[in-house]
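Note on naming: letters A, B, ... go to the chains in the order of the sequence lines (proteins, then strands), and numbering restarts at 1 for each one. Every heavy atom of this structure was used, including side-chain atoms; hydrogens, water molecules and symmetry mates were not. The model shown is predicted, which means the values in this text are computed figures rather than measured ones.
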2 protein chains.
Amino acid sequence: MSVDQIIDSIFLIPNESKALLKENFVEVRYPKGHILLRADRIEKNIYFIQKGIARAYADVEDTEITFWFGREGDAILSMRSYVENKEGYDNIELLEECALYELKTANLNKLFLEDLHIANWGRRFAEQELIKTEERLLSRQVRTASERYKQLIKDHPDLIQRVPLVHIASYLGITRNSLSRIRAEIM
Amino acid sequence: MSVDQIIDSIFLIPNESKALLKENFVEVRYPKGHILLRADRIEKNIYFIQKGIARAYADVEDTEITFWFGREGDAILSMRSYVENKEGYDNIELLEECALYELKTANLNKLFLEDLHIANWGRRFAEQELIKTEERLLSRQVRTASERYKQLIKDHPDLIQRVPLVHIASYLGITRNSLSRIRAEIM
DNA sequence: CGATACATTTACCAAATGGTAAAAAACTAC
DNA sequence: GTAGTTTTTTACCATTTGGTAAATGTATCG
């Protein structure tokens with residue numbers, strides 16, 4: 001996933017604006033297992049995944065609850081930090097060695113107030129994250145864990161290969177036991 | 001909730017921009033039980049609640065699943081229609097007689113591309129909806145139905161008075177039976 | 001390759017939840 | 001106020017899920 005692909009997939013903007021925006025994408029690399037964002041901090045950067053896979057989890061009474069997976073092209077951010085400049089609930093762990101684009105929130109915010117096209121790009125970015133988040137919420141509310149597991153296999157078959165099942169069970173809101181049962185049923 | 005309060009609570013913008021935006025708020029009234037938005041349509045308007053209360057529900061195999069409640073100050077919109085101009089999953093039912101502000105999405109989109117301040121207002125609007133949606137998702141993932149019910153009483157005590165318990169049970173992801181059990185336990 | 005650690009499956013029982021139906025309570029409309 | 005409708009509670013049993021622990025399978029590293 002190139003910088004251009006990422007920017008264009010969100011909203012098409014004129015070349016001058018795009019150049020201003022592109023300047024802020026800095027490529028960084030981290031190893032598998034690296035904790036990129038922490039729940040107890042106000043995070044100053046957001047990221048886009050060029051290559052690799054990550055998860056977000058919340059610490060709840062001595063267990064981790066995974067509530068998001070991200071892969072190539074996805075944005076990594078603590079929404080709370082990004083939007084309200086407060087501590088969030090999300091820890092981000094890289095599940096593979098990752099190549100990322102790093103952007104400073106402060107720089108982005110400055111551009112938003114200076115450039116109409118970039119402001120609209122930022123609006124579209126938030127709107128698209130909103131749609132994705134609502135979809136996750138709906139799927140959780142409307143479908144059973146078993147249905148959502150099947151959906152996951154269908155939509156992202158590689159994810160089951162690349163991610164430990166413990167995290168997938170947690171993501172589905174069930175125990176590893178129950179996930180094993182579901183997997184056994186299907187075959 | 002006045003138009004000014006609603007606009008200002010999202011993002012402060014200069015008076016000229018605000019005047020342009022305000023022109024688009026049209027007050028409308030509908031009776032209790034009115035279906036404001038439908039899942040099978042591309043909705044062309046969004047609303048803010050001046051007075052009253054509403055719920056969003058999805059039709060799933062001959063049952064309705066409530067996944068959102070809105071009250072004074074909240075925005076009512078089919079995210080899918082607003083963001084992607086596609087049919088959404090949400091039906092909106094007014095649970096009381098409501099006074100609403102209606103805005104045409106097309107007019108808003110035009111303003112977004114013409115006025116930097118309004119574009120940023122639209123960005124903040126999406127960002128704030130994003131935070132709220134993520135919070136609902138997290139709460140669902142992390143807390144039990146019982147905990148979430150207690151939280152609901154604490155945060156919005158009036159809601160339990162104003163909304164039939166069937167909808168609250170559905171919102172919490174449990175049956176009316178289980179909600180009754182929870183309520184019985186608490187006392 | 002082998003030893004160790006970690007992840008996953010299976011089995012068992014306990015606890016929580018759903019479904020149906022009937023009783024009680026609350027709300028509507030005349 | 002009363003009859004009728006709708007909503008909520010309660011009780012029962014069937015089903016699903018969780019928790020613990022042991023067994024199997026898979027990775028990792030010297």
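- Contact of the Ile7(B) side chain with the Phe25(B) side chain is registered, since non-hydrogen atoms from C-beta on lie closer than 4.5 Å.
- Heavy atoms of Ser180(B) sit under 4.0 angstrom from at least one base atom.
- In the set dG18(D), dT10(D), dT9(D), dG18(D) carries the atom at the smallest distance from any side-chain atom of Thr175(A).
- A straight line from NZ of Lys32(A) to C1' of dT28(D) spans 10 Å, rounded to a whole angstrom.
- Salt-bridge formation is not detected for the pair Arg80(A)/Asp90(A): no Lys NZ or Arg NE/NH1/NH2 atom is positioned less than 4.0 Å from an Asp or Glu carboxylate oxygen.
- In this structure, Ile182(A) places its CD1 atom 11 Å from P of dT9(C), rounding to the nearest Å.
- Here dG18(C) presents its P atom at 12 Å from CD1 of Ile65(B), a figure rounded to the nearest Å.
- Of the N and O atoms on the side chains of Gln141(B) and Arg140(A), at least one donor lies less than 3.5 Å from an acceptor on the other residue.
- Applying the side-chain hydrogen bond (donor to acceptor under 3.5 Å, both in side chains) rule to pairs touching residues 122-134 of chain B yields Asn120(B)-Arg123(B), Arg123(B)-Glu127(B), Arg124(B)-Glu127(B), Glu129(B)-Lys132(B), sequence neighbours excluded.
- Each end of the helix from dC1(C)-dG30(D) to dC30(C)-dG1(D) gets its own axis from five base pairs, and the two axes differ in direction by 60°, given to 10 degrees.
- Near DNA chain C, defined here as any heavy-atom distance below 4.0 Å, there are no residues from residues 140-170 of chain B.
- If you take CG of Leu95(B) and P of dC27(C), they are 15 Å apart, rounded to a whole angstrom.
- Here the P atom of nucleotide dT8(D) and the CD atom of Glu185(B) are 18 Å apart, to the nearest Å.
- Arg55(A) has no carboxylate O lying under 4.0 Å from a charged side-chain N of Glu96(A), or vice versa, which leaves the two without a salt bridge.
- Rounded to an integer number of Å, the gap from Leu179(A) CG to dG19(D) P is 15 Å.
- Tested against Tyr171(A), the residues Tyr57(A), Tyr149(A), Phe67(A), Phe69(A) include a single ring pair (Phe, Tyr, Trp, His ring centres under 6.0 Å) partner, Phe69(A).
- A donor-acceptor contact under 3.5 angstrom links the side-chain atoms of Asn177(A) to the base of dT20(D).
- Using a 4.0 Å heavy-atom distance criterion, Ser178(A) is classed as a sugar-phosphate-only contact.
- A donor and an acceptor atom never sit less than 3.5 Å apart when one is taken from the side chain of Arg176(B) and the other from the base of dG18(C).
- For the pair Ile174(B) CD1 and dG19(C) C1', the interatomic distance rounds to 15 Å; values are reported in whole Å.
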**OP:** Go through the steps to decide whether Tyr47(B) and Glu102(B) satisfy the test side chain to side chain donor-acceptor pair (under 3.5 Å), and finish with yes or no.
**Re:** CA-CA 5 Å; Tyr47(B) 299 84; Glu102(B) 183 179 84; 2.8 Å; yes

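- At least one side-chain nitrogen or oxygen of Arg183(B) sits closer than 4.0 Å to the OP1 or OP2 atom of dT9(D).
- Here dC12(C) is the nucleotide among dT9(C), dT10(C), dC12(C) with the atom lying nearest to any side-chain atom of Arg181(A).
- Look at Glu23(A) and Lys104(A) and you find no salt bridge, because none of the NZ, NE, NH1 or NH2 atoms lies under 4.0 Å from a carboxylate O.
- Remark: Arg183(A) does not engage Glu185(A) in a salt bridge, criterion side-chain N to carboxylate O under 4.0 Å.
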